Amino acid sequence: MAKITSVRGFRDILPDETPKWQRVEEKIRRIFFDFGIQEMRIPVLEKTELFKRGIGEATDIVEKEMYTFLDRGNEYLTMRPEATASVIRAYIEHHLYEKDPMAKLFTIGPMFRRERPQKGRFRQFHQINVEFLGQEDPRIDADLISMLMYLLGEVGLENLTLEINSLGCDVCRPAFRETAVCFLKEREGRLCDDCRRRLESNPLRIFDCKNEACQKTISEAPVILDFICVECREHFEKVMEYLHLLDVSFVINRKMVRGLDYYTRTAFEITTRSLGAQNAVTGGGRYDGLVQMLGGPAISGIGFAIGFDRLISMLPDTDEGSGSPRIFMAALGEEAQKHAFYLCNMLRRSGVRAEMDFSGKSLKSQMKRADKLGCSHALIIGDREMAEGTAQLRNMGDGTQGPVNIHDAGTILRRVTG
RNA sequence: GUGGGUGUAGCUCAGCUGGUUAGAGUGCCUGGUUGUGGCCCAGGAGGUCGAGGGUUCAAAUCCCUUCACUCACCCCA
């Protein structure tokens, strides 16, 4: 029979890895708590329309990367390719803005994009999303970004580069777009095939192209920062001012654009060299029009997504250690095993990690297992001990052992934890 | 969607230009100690050589097809 394997690009995170995921997640939750960011849990499946409207029809995500299917009942559903649209949908649906004009939300979970898998990219991947809704003050931008940098540092990431840019707003971006397209059209012959296609579909994306010839052309092209309106410029400068105040270092990337349509004004990205070609750990930005675009009131917002899988892969493998049981019950004979079974469970209920063996193997192999599991102690119970009412408690570290009353779980507990 | 690399034991890999029963290390099991782990020693189990087809007296090895994994492009977290 043919083996059933996992779906391409979907992977298992095995017990060896999960402690790392848990440690990071706990730390992040703690930080979010301190910063007053509340969790929201949202569905993995949404109506396709949500992403078409939220992310933009012409984006790669919507055009070719979504897992979309026709549900019974003739409705198109999509496995979410990102979280922001869902968060905003829920925010609008439950009228959260009526309760409190300002919301700071986070969500953690899997996202799905049907791309070709490679290093740091999976079809199911995990993101940590944070959204600050309801205020467009530039200090919010600085607050969010500095929190993000702090968080990544606390988790243990090093050698990060924060790049920021302003993408302008509805007022100033169209003008820039027009001159940029004009400029690029005049030099269409020097652009690569992809970029020529982008001229029609998503011209601003050309600024992101890695092709050398294109880069050369782009280096002479107009830059959005020279076109943004007074309000956008003031906003951007305030963001930088407050980042300085919090001692967050950054570089301005004048050519940075975003792959999703909803971004306005502040855009940022955090990259690292230790991740292969997929060097972005985090991307985010302001999206002042999104809530309205999805049918809500005119409420501004800013947020980011951390690539959880990428973050984890950058962290060194450490021995978490804490997963080792403290004591192993090595029992010989039926009576002894029965008592060990009882003791084992008593100890566990007292908060001591205890293990035992049910296969009736030799003492030697039970001791081997105790060692393999990394137990600090082994309790040896055989017929002799059962008769005497004492067991041998062995310290696996130094090899010393001595008698202990087998009916006195309290003493065993103290000897093991003390 | 496009291109490169790789598929041999649970894991990491060797197997040269085709040649008998396909190997090593590690892990696993058992024994050396009639009831004592780590170190050491001995033994054992474990493989449709990714799959299908072809060439040949003979294929893990050569050819074709296919699948998977992987890296890169595209794009993004």
Side-chain angles (χ1 to χ4, degrees), chain A residues 1-3 5-9 11 14 16 55 58-65 81-84 108-130 148 152 192-195 197-198 201-202 205 208-211 256-260 268-272 275-285 303-314 328 330-333 336 357 359 361-386 391-401:
Chain A
M1 208 188 313
K3 246 182 253 164
T5 60
S6 64
V7 177
R8 145 169 269 200
R11 63 181 180 141
L14 301 175
D16 276 352
I55 302 172
T59 58
D60 280 15
I61 292 180
V62 173
E63 268 181 4
K64 50 190 192 196
E65 293 172 4
E82 60 113 40
T84 302
I108 295 179
M111 307 295 155
F112 307 86
R113 290 185 203 172
R114 218 201 112 88
E115 300 175 271
R116 194 81 172 259
Q118 71 185 72
K119 192 179 175 69
R121 187 166 68 199
F122 311 97
R123 289 181 172 184
Q124 174 177 334
F125 58 102
H126 302 80
Q127 283 189 343
I128 301 154
N129 280 258
V130 173
L148 170 60
L152 294 176
C192 67
D193 293 348
D194 285 325
C195 284
R197 214 187 51 237
R198 290 192 189 109
S201 61
N202 207 337
R205 192 78 59 71
D208 246 357
C209 187
K210 284 159 192 157
N211 182 297
M256 178 171 42
V257 294
R258 306 267 70 192
L260 283 56
F268 57 93
E269 203 165 290
I270 295 170
T271 56
T272 170
L275 221 49
Q278 310 305 317
N279 61 358
V281 198
T282 302
F304 62 75
I306 302 174
F308 207 154
D309 309 68
R310 289 181 186 178
L311 190 159
I312 294 287
S313 75
M314 290 169 66
F328 191 90
L332 292 166
D357 175 79
S359 60
K361 284 182 179 170
S362 68
L363 179 59
K364 177 185 175 125
S365 75
Q366 292 192 53
M367 293 299 285
K368 267 190 170 167
R369 180 153 178 80
D371 186 59
K372 186 183 159 190
L373 291 175
C375 297
S376 58
H377 296 265
L379 190 72
I380 300 159
I381 317 174
D383 298 335
R384 287 207 297 266
E385 286 78 7
M386 283 308 288
Q392 291 293 317
L393 182 64
R394 183 179 179 86
N395 182 317
M396 299 296 281
D398 56 25
T400 57
Q401 67 182 52

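Being a predicted model, the structure only gives us computed values, none of them experimental.
At a cut-off of 3.5 angstrom, counting only N and O atoms as typed in the model, there is a donor on one side and an acceptor on the other between the side-chain of A/Glu385 and the base of B/G35. On a pure distance criterion of 3.5 Å, no polar donor-acceptor pair joins the side chain of A/Arg121 and the base of B/C71. Taking 3.5 Å as the limit, the base of B/G37 and the side chain of A/Arg394 contain a donor-acceptor pair of atoms between them. With hydrogens and angles left out, the side chain of A/Gln366 and the base of B/U36 share no donor-acceptor pair within 3.5 Å.
Between A/Arg8 and the phosphate of B/C69, there is a side-chain N or O to OP1/OP2 separation shorter than 4.0 Å. Here A/Gln118 does not reach the OP1 or OP2 of B/C71: none of its side-chain N or O atoms lies under 4.0 Å away. In this structure, A/Lys372 reaches the B/C28 phosphate: one of its side-chain N or O atoms is under 4.0 Å from OP1 or OP2.
The interatomic distance linking A/Arg310 (CZ) with B/C76 (C1') rounds to 6 Å, in whole Å. Remark: P of B/G37 and CG of A/Asp371 are 9 Å apart, rounded to the nearest angstrom. Going from atom CZ of A/Phe125 over to atom P of B/C76 covers 12 Å, rounded to whole Å. A/Asp16 places its CG atom 14 Å from the P atom of B/C11, with the value rounded to the nearest Å. If you measure from atom NE2 of A/His377 to atom C1' of B/U36, you get 16 Å, rounded to the nearest angstrom. If you take CZ of A/Phe308 and C1' of B/C76, they are 19 Å apart, rounded to a whole angstrom. As rounded to whole Å, 12 Å separates atom P of B/C39 from atom NZ of A/Lys364. For A/Phe268 and B/A77, the CZ to C1' distance is 12 Å, given to the nearest whole Å.
The separation of B/U26 from B/U65, taken at their P atoms, amounts to 41 Å, rounded to a whole angstrom. To the nearest whole angstrom, the two P atoms, one in B/U30 and one in B/G46, are 16 Å apart. Remark: the separation of the P atoms in B/C64 and B/G3 is 16 Å, to the nearest Å. Here the separation of B/C28 from B/A22, taken at their P atoms, is 26 Å to the nearest Å. Nucleotides B/U48 and B/U8 have their C1' atoms positioned 12 Å apart, rounded to a whole Å. With both ends at atom P, the span from B/G25 to B/A45 equals 16 Å, rounded to whole Å. B/U66 and B/C71 have their P atoms separated by 23 Å, given to the nearest Å. Comparing B/C63 with B/U56, their P atoms sit 16 Å apart, to the nearest whole Å.
As judged by a 4.0 angstrom heavy-atom cut-off over every strand, A/Gln401 is placed among the base-contacting residues. No contact: A/Gly284 has no heavy atom under 4.0 Å from any strand. When heavy atoms are screened at a 4.0 angstrom cut-off, A/Gly397 is found touching base atoms of the nucleic acid. Residue-level contact check: A/Lys368 touches the backbone only, with heavy atoms under 4.0 Å from sugar-phosphate atoms and none from bases. As judged by a 4.0 angstrom heavy-atom cut-off over every strand, A/Arg113 is placed among the base-contacting residues. In this structure, A/Ala280 reaches the sugar-phosphate backbone alone: every heavy-atom distance under 4.0 Å involves primed, P, OP1 or OP2 atoms, never a base.
For A/Lys361, counting side-chain heavy atoms from C-beta on, the closest listed nucleotide (B/G3, B/U36, B/U30) is B/U30.
Inter-residue side-chain proximity for A/Phe112 and A/Arg114 is flagged as unmet; no heavy-atom pair is nearer than 4.5 Å. Two residues are said to be in side-chain contact when any heavy atoms from C-beta on lie closer than 4.5 Å; A/Asn395 and A/His377 meet this criterion.
Across the strands present, B/C74 finds no partner; the criterion is a Watson-Crick or G-U wobble pair with both atom distances under 3.5 angstrom. Nucleotide B/C40 forms a Watson-Crick or G-U wobble pair with B/G32, both donor-acceptor distances falling under 3.5 Å. Under the Watson-Crick or G-U wobble criterion, with both distances below 3.5 Å, B/C69 is paired with B/G5.
Here the rule is salt bridge (Lys or Arg N to Asp or Glu O under 4.0 Å) with A/Glu115, and of A/Arg8, A/Arg121, A/Lys64, A/Arg123 only A/Arg121 fits it.
Taking all atoms of both residues into account, the shortest heavy-atom contact from A/Ala83 to A/Met111 is CB-CE, 3.4 Å.
One finds the CD1 atom of A/Ile270 at 13.0 Å from the CZ atom of A/Arg310 (value rounded to the nearest 0.5 Å).
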